[in-house]
Every structure is written in structure tokens, then in C-alpha cells.
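Numbering of ligands and ligand atoms starts at 1, following listing order.
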Amino acid sequence: MALPKGFLWGGAVAAHQLEGAWNVGGKGPSVADVMTVGAPGVERGITDGIIEGENYPNHEAIDFYHRYKEDIALLAGMGFKCFRTSIAWTRIFPNGDELEPNEEGLKFYDDLFDEMHKYGMEPVVTLSHFEIPLHLANEYGGWRNRKMIEFFVRFAKVCFERYKDKVKYWMTFNEINNQRNTESPFLTFTNSGLLYKEGEDRYQVMYQAAHYEFVASAIAVIEGHKINPDFQIGCMIAFCPTYPASAAPQDQIAALKEMDRTYVFADVQCRGHYPSYILKEWERFGTDIRMEPEDLKIIQEGTVDYIAFSYYMTFTTEYDESNVRHLGREKKNPFVKANDWGWQIDPIGLRYALNLLQERYELPLMIVENGIGLHEHEEADGMIHDDARIEYFANHITEMKKAVELDGVTLIGYCPWGPIDLVSAGTGEMEKRYGFIYVDKNNKGEGTLARKPKKSYYWYKRVIETNGENL
Ligand code: P53
């Protein structure tokens, strides 16, 4: 089975999770800079400003800011055809509400993209990946405020203008649908830079923020295409398909409704309008989303060129009458295993995900995250034998190829998450490792930061060389 020629093999990261240098080069603090370290099953803390003595893993991360040449060379050593990263908003607009960008920040990404091109690596760039300027979160309440549209669009346009000849593939908001889970302050804070107030209707606040993001994303698509008509500007969805826990009809409905909570984010950005199921839901819950008269027209005109998505796991749900909002209760899937963080490993779920998205939207797809977090250490022979990672990827790539070859899915590329170990978004740990390249640093922040290829490095290099034939 052959993948198309020119298939974009690569890897994906986000600025705040690897760059470090959090206050260097004129960079302002972002929401990631006030997040402390958590643990498996323990969410990260969010502090009120930066407090002395706290462990903020993103401040230094893996110091990619100063070591990117060495790191890009290592990635190039695997034959990367593309590399996905984000532009830290706070390097370009340190507070977020300035009128003029910070030249030193712009220059950093010029140099980084040039370095990638040296090796024939296509940059794939996320504009907003959990890195909202802290000032916008504190002073404006993040995306609960309509003014965010103006700030984001200014940031997007500056990036589009500056890198129009260096970057073709863009994404507006990373995993925009994570915030659907309003139980977690972490998810809303990282997605939208907002924290819920006591007693407020979280569901309404979340959709209001999402609405502003939809409008901002659509404006970015429209403006981006004016700057360079060849730009491919995508949405980015965390796609974790939910299976019904049984063949019981009510479990089908529960799973369907659970999926709608993710689909709504893609429906709006791909089809250009709010789907009827969400309008009915808002009506039923008395949800009142403030919209300006032109918003729906903008959303209609600013639909995306492709769908980028992350795929890590699937969920299972069973009908739960007491859950009036979405009818289901999460259940463990007895047919799949999980990693140490409870993320269920389901390679066939990737083929399923690709099919669902292809059939619903008929747009090109790009897998911009996939991977497994593992606890790892050097063994006696000095090597990191990450056979579990190799097995994970071999199984996922096999299913990805079936989706292309047997099911006719249009797939542009495949970017495993964290090709070099980096700070976990969810837990802030360094020891939740995803990389083909090991970085010597632990959860406490100790280590030399030395880089070292793992066994999977040589494996993935061969996969790319053979365009996915040799797994
Ligand atoms: P970490 C939740 C569910 C799926 C993906 O995650 C998620 C999250 C948020 O934790 O995040 C994405 O580092 C995200 C990356 C992140 C990666 O998945 O928690 O886009 O920034 O690092 C892996 O193990």
C-alpha cells in the first residue's frame, strides 16, 4: 500500500512546550507561564501571577529557543519533510494589545523557518496553541471578551505578512474543542485564557468564547487568503472518537451526542454555519450567545481549507439519564489498553477517525498530533529502548495507510506529537515523554538538557525513507 508522493512526514510541537526563554527577546508572559507542574491524574496549578519558588516547567522547557539549530538538525536527521510548531503570541505581542509587533520575536521565527527550509522541511504553523498573552487573560478576561478578535486578527495578519513566503500551512486555534469540558479550569484557561467565576453559567461562557474564536478564525482565513492565495489555513480539532459502550440504542444516542460536542467546532469552521443541533440545544438551555449582525456572514465566508487534528485515543460512553446535557457517562473500554496516564491506545480508532472526518467534510486532512507518553530512562547499554513507542506508531501508521488506500481518505501529512521530549501540556511533566529524541531533564527541572536519539529515532527515519512501507 503506497502513500501519495510528497506526503508530509514530520513531527509537531508547540512553542511554550519547548522554547523556554520565557522572558527573553522581549517576550511577555503567557497563560502557560503561570502553570505549575502536575502529575498523572493531577491537573496543573494556575497561579495568580508568577510566584517565587514555584516550579513553572514552561519557563525553561527544553531551551529550544537557544538550541533550535541543533534540534532542527536532529529532526532533519530523521528526514522530516515538515515540522509543526506554533508562534508564541507573546514573542510577537508581549502583552497582546500593542499596536506594533516586537521585531526581535519576529526575527526569531524568521531564523527558525529559514533553518527548516535549509533541510527542505515545510513549516506547519499554529497561531494560537495554549499561549494567550497573560495580560489579555488578566485585563480582558481572555476570550470572554469580544476585543480578543481584534487582538488575534492583528497577530495573525502580522504573521501572515511576515512569513508569507516561508509558511504555507497554517492553523488558527489548537484543539479548539478541548474547552467543551467545562469541568476543567485548565482546558478553558489554555484554550481561551479565561477562568470561570463562581456561579456563572459555564456552558454559556464557553460557547460565547468559542463564538468569538470562530469569528476570529474566519477573519484570519479571509485575510490570510488576501495576503497569499496559496495559503492553506486549517482548523485544529482534538479528535477522540466516542464509541457507544454497548449495542443498546440509548448508548448510540449518548455516543452521538457526545461526538456532537466535538463536531460542533469543526462544523462551524468547515461548513460555515452553526448546525441545527447546537441551536436547539442553546434554545433548550436558555443559552444566549451575543453575536454582531455580520458574524454569521464572516463565519460563512471564512471556512477552512483543510482539517488538522490530533488523535491520541478513543472514549466509550454509556447512557446516563442524569446527565441532561449530553446523556452519557464515560466508561472504560475493555477492548483496549491504556498508558500510565490512562490514555486508551486504539490504532483502529485512527482509521475510524479519518473516515468520520472524510465522510462528514470531504476536506483534506492532516494528522498533526499522535503519539504515546511513556516513562523512560537510559538502559545499561546507554540506549533508550522505546519499543512500546515503535509498536504504537507501527500500528497507528498501518491503520492510517488503510484509511488512505482502502477508504480513499485524502491525507496531507502525519506529524507525531513531541518528536523531541518536551513539557507535557496537561501535566507539566517532562517525564511524560513522547520523543524520538530523549532530553535529559526531569519533573523537578533537573538535568543537563542533553539530547539523545532513542531507538525509535532510527525506526522513524526508515519509515520516512520508505514512505511508510517499512514499519
Ligand atoms: P499532554 C487533552 C486531550 C488530548 C490532547 O498532551 C491534549 C489534551 C490537553 O492535555 O493536548 C494535546 O502533553 C495538545 C498538546 C499536548 C498533547 O496533546 O497533556 O495539543 O499541546 O502536549 C499531549 O500529554
Would you indicate whether the side-chain heavy atoms of Phe113 and Phe83 approach each other to under 4.5 Å? no

Can you find a heavy atom in the side chain of Val463 that is under 4.5 Å from one in the side chain of Phe393?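 Val463 does not reach Phe393 side chain to side chain.
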
For ligand 1, list every N/O pair with the protein closer than 3.5 Å, one pair per line with the distance.
from	atom 1	to	atom 2	distance (Å)
ligand 1	11 (O)	Glu175	OE1	2.9
ligand 1	13 (O)	Ser424	OG	3.1
ligand 1	13 (O)	Ala425	N	2.7
ligand 1	18 (O)	Tyr312	OH	3.2
ligand 1	18 (O)	Glu369	OE1	3.0
ligand 1	19 (O)	Ser424	OG	3.3
ligand 1	19 (O)	Gly426	N	2.7
ligand 1	20 (O)	His129	NE2	3.4
ligand 1	20 (O)	Asn174	ND2	2.9
ligand 1	20 (O)	Glu175	OE1	3.3
ligand 1	20 (O)	Glu369	OE1	3.1
ligand 1	20 (O)	Glu369	OE2	2.7
ligand 1	21 (O)	Gln17	OE1	2.7
ligand 1	21 (O)	His129	NE2	2.8
ligand 1	22 (O)	Gln17	NE2	2.8
ligand 1	22 (O)	Trp417	NE1	3.3
ligand 1	24 (O)	Lys432	NZ	2.6
ligand 1	24 (O)	Tyr434	OH	2.5

Strictly distance-based, threshold 3.5 Å: is any side-chain N or O of Arg202 a donor or acceptor partner for the main-chain N or O of Thr182? yes

Decide whether a cation-pi geometry holds between Arg162 and Tyr109; the criteria are a distance under 6.0 Å from NZ or CZ to the six-membered ring centre and an angle within 45° of the ring axis.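 Pair Arg162/Tyr109 does not count as cation-pi.
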
Can you measure from CH2 (Trp417) to CG (Asn370) and round to the nearest 0.5 angstrom?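 If we round to the nearest 0.5 Å, Trp417:CH2 and Asn370:CG are 12.5 Å apart.
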
Non-neighbouring partners of Tyr438 that pass ring-ring contact (aromatic ring centres under 6.0 Å, His included), sequence neighbours left out: none

